[in-house]
Amino acid sequence: MKLTVCRLRPVLLGLLLCLAQGAHADIYLCRDANGTLVSSDRMTNDCLTYGGKVIGSDGTVRRRILTIKEQAAQAQAQEAAQNLARQQRDRQREDRALLLRYPNETALEASRINDLNRPQTMIQDARKQLEMLGRQLKQLHIDAQFYPQGPLPLELRTKLDENKVLTQQENDLIVGQNAEITRINREYETLRIRLKPLWARTTTGP
């Protein structure tokens, strides 16, 4: 049976397509467990285990094949870079917010003084209370002199105990508020160090 030109055309087209696909097929060049280079027309387990590269039809290296371990390391590095970029963006937002709140050192110092007002006032009130308790204790000791031999009356003993407890409370309050003053000053000093270069940039301009 003779093949006409019309019947040969689909066959020839198919052969041409197969040849074209074969001509442009990539080659996977990887090492096996023995370290020997092995070529294949597809990705193999050796490629994922030991790595390799993809060679194009023109002989150039199209890409490297990373091992699973290398892929994990690459993903970890990308995640670290993304986290760093996110932290930098957050830092920039915080810097802008700080500049809005404290546009200069005068504003920062005014805020520091305002924040110190409460603990300082509490310390002043506690010291006044201690002075009052001291006067009360002095009078209680005078009253106790009337009982040199016998036990003190219950009311007098109760007042002495109360005076002792209240005095301790006021002293503890002073210690706590002094610690708060130290914390506030330390916090504002940290802010000042952070804001100084930002103030300098806003003063000199871009």
Among Q76, Q71, Q78, which one satisfies side chain to side chain contact (heavy atoms under 4.5 Å, CB included) with Q74?
Q78
Let me know which of L137, D172, L133 forms a side chain to side chain contact (heavy atoms under 4.5 Å, CB included) with T167.
L133
Counting C-beta onward and ignoring hydrogens, is there a side-chain heavy-atom pair between [X] and [Y] closer than 4.5 Å?
X    : Y    : result
W199 : L108 : yes
L152 : L160 : yes
L130 : I174 : yes
E180 : Q177 : yes
V61  : V54  : no
V165 : Q168 : no

Between L173 and A126, which heavy-atom pair has the shortest distance, and what is it?
CD2-CB, 3.8 Å
Report the distance from atom [atom1] of [X] to atom [atom2] of [Y], rounding to the nearest 0.5 Å.
X    : Y    : atom1 : atom2 : result
I68  : L66  : CD1   : CG    : 11.0 Å
K128 : E131 : NZ    : CD    : 8.5 Å
Q129 : Q169 : CD    : CD    : 10.0 Å
Q120 : D115 : CD    : CG    : 10.5 Å
R118 : I123 : CZ    : CD1   : 11.5 Å
E109 : N104 : CD    : CG    : 11.5 Å

Could you walk me through whether Q139 and D143 pass the side-chain hydrogen bond (donor to acceptor under 3.5 Å, both in side chains) check?
CA-CA 6 Å; Q139 182 60 50; D143 294 343; 3.1 Å; yes
Tell me, please, which residues at least two apart from T49 pass side chain to side chain donor-acceptor pair (under 3.5 Å).
none
Give the intermediate values and the outcome of salt bridge (charged side-chain N to carboxylate O under 4.0 Å, His left out) for residues E187 and R112.
CA-CA 9 Å; E187 181 179 292; R112 185 185 74 87; over 6 Å; no
Would you give me the side-chain donor-acceptor pairs under 3.5 Å for residues 82-103, sequence neighbours excluded?
{"residue": "N83", "atom": "OD1", "partner": "R86", "partner atom": "NH2", "Å": "2.1"}
{"residue": "N83", "atom": "ND2", "partner": "E79", "partner atom": "O", "Å": "3.3"}
{"residue": "D90", "atom": "OD1", "partner": "R93", "partner atom": "NH2", "Å": "2.1"}
{"residue": "E94", "atom": "OE1", "partner": "R194", "partner atom": "NH2", "Å": "3.1"}
{"residue": "D95", "atom": "OD1", "partner": "R194", "partner atom": "NE", "Å": "3.0"}
{"residue": "D95", "atom": "OD1", "partner": "R194", "partner atom": "NH2", "Å": "2.9"}

Does [X] share a hydrophobic cluster with [Y], counting links as ILVMFWY side-chain heavy atoms below 4.5 Å and allowing steps through other members?
X    : Y    : answer
L191 : L198 : yes
L195 : I184 : yes
Y188 : I113 : no

D26: which of R63, R42, K53, R62 passes side-chain hydrogen bond (donor to acceptor under 3.5 Å, both in side chains)
R62
Would you say the side-chain atoms of S111 pair up with the backbone N or O of A107, donor to acceptor, closer than 3.5 Å?
no
Salt-bridge present (R64, E70; N to O < 4.0 Å)
yes
Any carboxylate oxygen within less than 4.0 angstrom of a Lys/Arg side-chain nitrogen, looking at R186 and E189?
no
Which pairs of donor and acceptor atoms, one on a side chain in residues 27-37, lie under 3.5 Å apart (sequence neighbours left out)?
{"residue": "R31", "atom": "NH1", "partner": "G35", "partner atom": "O", "Å": "2.6"}
{"residue": "D32", "atom": "OD1", "partner": "N34", "partner atom": "N", "Å": "2.9"}
{"residue": "D32", "atom": "OD1", "partner": "G35", "partner atom": "N", "Å": "3.1"}
{"residue": "D32", "atom": "OD1", "partner": "T36", "partner atom": "N", "Å": "2.9"}

